[in-house]
Colleague: 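Before we start, here is the structure in question, set down as structure tokens.
Values below: every heavy atom of this structure, side chains too, minus hydrogens, waters and symmetry copies. Every chain is numbered from 1, with letters handed out A, B, ... down the list of sequences.
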There are 2 protein chains.
Amino acid sequence: MEEGSIHNQIRKLRFMHGEMTQQELADKVGVTRQTINAIEAAKYSPSLELAFKIAHAFDKPLEEVFTYEI
Amino acid sequence: MEEGSIHNQIRKLRFMHGEMTQQELADKVGVTRQTINAIEAAKYSPSLELAFKIAHAFDKPLEEVFTYEI
DNA sequence: ACGTGATGTAAAAAATATGTTACACACTAA
DNA sequence: TTAGTGTGTAACATATTTTTTACATCACGT
């Protein structure tokens with residue numbers, strides 16, 4: 001079973017959405033800014049539900065925000 | 001912040017992939033069949049990584065396997 | 001009736017994600 | 001310089017996911 005890693009475009013998307021801050025994104029999706037920070041830095045990957053919420057906050061499909069690379 | 005719920009097409013996709021058993025899917029993605037069973041029954045939603053692996057096992061984009069409905 | 005395979009379910013423990021609090025640094029504005 | 005804002009990070013606590021083990025039911029073939 002191949003091991004993969006999850007990458008994300010959060011930093012880029014925040015930038016493209018009017019320099020949205022980590023705090024603003026955190027408020028939109030209902031977590032703390034530390035959680036956003038950790039996910040953005042790929043310290044760990046979010047739950048599926050949180051991933052959906054983040055994608056929704058950017059009005060993007062999930063797979064344009066998070067990608068799984070083998 | 002609207003609460004949503006996550007639905008999945010695992011049962012349908014297993015069926016469409018030659019009656020793939022829960023055990024076979026579990027082996028493909030590296031978890032136990034109980035985990036597949038629980039996710040299929042929507043007892044809880046999987047981690048993002050596991051969700052990607054399951055989608056990959058069916059050769060489908062993630063959002064055709066899991067959907068987030070508000 | 002019997003054995004086997006697929007599935008549903010449950011409890012406890014382990015692993016991982018998230019929250020809380022706190023401190024630090026860089027940058028900008030006053 | 002001082003205050004404020006955005007960010008990085010760490011330790012500890014809590015919540016959620018996942019594993020392990022075990023037992024049950026149902027359908028099917030022999």
Colleague: If the cut-off is 4.0 Å, is A:S45 near the phosphate of C:dA17, judged by side-chain N/O to OP1 or OP2?
Modeller: yes

Colleague: How many Å lie between CD1 on A:I39 and P on D:dG8, as a whole number?
Modeller: 13 Å

Colleague: Quick one: which of B:Q23, B:Q22, B:K43 gives a side-chain hydrogen bond (donor to acceptor under 3.5 Å, both in side chains) with B:N37?
Modeller: B:Q22

Colleague: Atom CD1 of B:I6 and atom C1' of D:dT16: how far apart are they, to the nearest Å?
Modeller: 13 Å

Colleague: On DNA chain D, nearest-nucleotide positions of B:L48 versus A:A41: which is more 5'?
Modeller: A:A41

Colleague: So, does A:R33 get its side chain near the phosphate of C:dA22, meaning an N or O under 4.0 Å from OP1 or OP2?
Modeller: no

Colleague: OP1 or OP2 of D:dG8 sitting under 4.0 Å from any side-chain N/O of A:R11?
Modeller: yes

Colleague: I need the CG-P distance between A:N8 and C:dA17, as an integer number of Å.
Modeller: 14 Å

Colleague: Starting from P on C:dT9, measure out to CD1 on B:I36 and report it in whole angstrom.
Modeller: 16 Å

Colleague: Does the ring center of A:H56 lie less than 6.0 Å from the ring center of B:Y68?
Modeller: no

Colleague: Whole Å only: how far is the OH atom of B:Y44 from the P atom of C:dG8?
Modeller: 14 Å

Colleague: Need one value for B:T35: base, sugar-phosphate or nothing, where a base atom within 4.0 Å counts as base even if backbone is also close, heavy atoms only.
Modeller: base

Colleague: Would you kindly compare A:K43 and B:Q22 by the position of their nearest DNA chain C nucleotide and give the one closer to the 5′ end?
Modeller: B:Q22

Colleague: Using a cut-off of less than 4.0 Å, is there contact between a side-chain N or O of B:T32 and OP1 or OP2 of D:dT18?
Modeller: no

Colleague: Taking the basic N atoms (NZ, or NE/NH1/NH2) and the acidic carboxylate oxygens, is any pair closer than 4.0 Å for B:E24 and B:R33?
Modeller: no

Colleague: Using OP1 and OP2 only, check whether a side-chain N or O of B:Q34 sits under 4.0 Å from C:dA10.
Modeller: no

Colleague: Rounded to the nearest Å, what distance is computed from the CD atom of residue B:E19 to the P atom of nucleotide D:dA27?
Modeller: 15 Å

Colleague: Please report the shortest heavy-atom distance between A:L13 and A:E64, naming the atom on each side.
Modeller: CD1-O, 4.4 Å

Colleague: Considering just the side-chain nitrogens and oxygens of A:N37, establish if one lies under 4.0 Å of OP1 or OP2 belonging to D:dT7.
Modeller: no

Colleague: Whole Å only: how far is the CG atom of A:L25 from the C1' atom of D:dT5?
Modeller: 17 Å

Colleague: Between B:Q23 (CD) and C:dG8 (C1'), how many Å, whole number?
Modeller: 14 Å

Colleague: Any side-chain N or O of B:S47 under 4.0 Å from OP1/OP2 of C:dT16?
Modeller: no

Colleague: Which nucleotide wins on minimum distance to the side chain of B:R14, given the candidates C:dT7, D:dT18, C:dT18?
Modeller: C:dT7

Colleague: Starting from the C-alpha separation in whole Å, work towards a yes-or-no answer on ring pair (Phe, Tyr, Trp, His ring centres under 6.0 Å) for B:H7 and B:F66.
Modeller: CA-CA 6 Å; B:H7 295 147; B:F66 298 95; over 10 Å; no

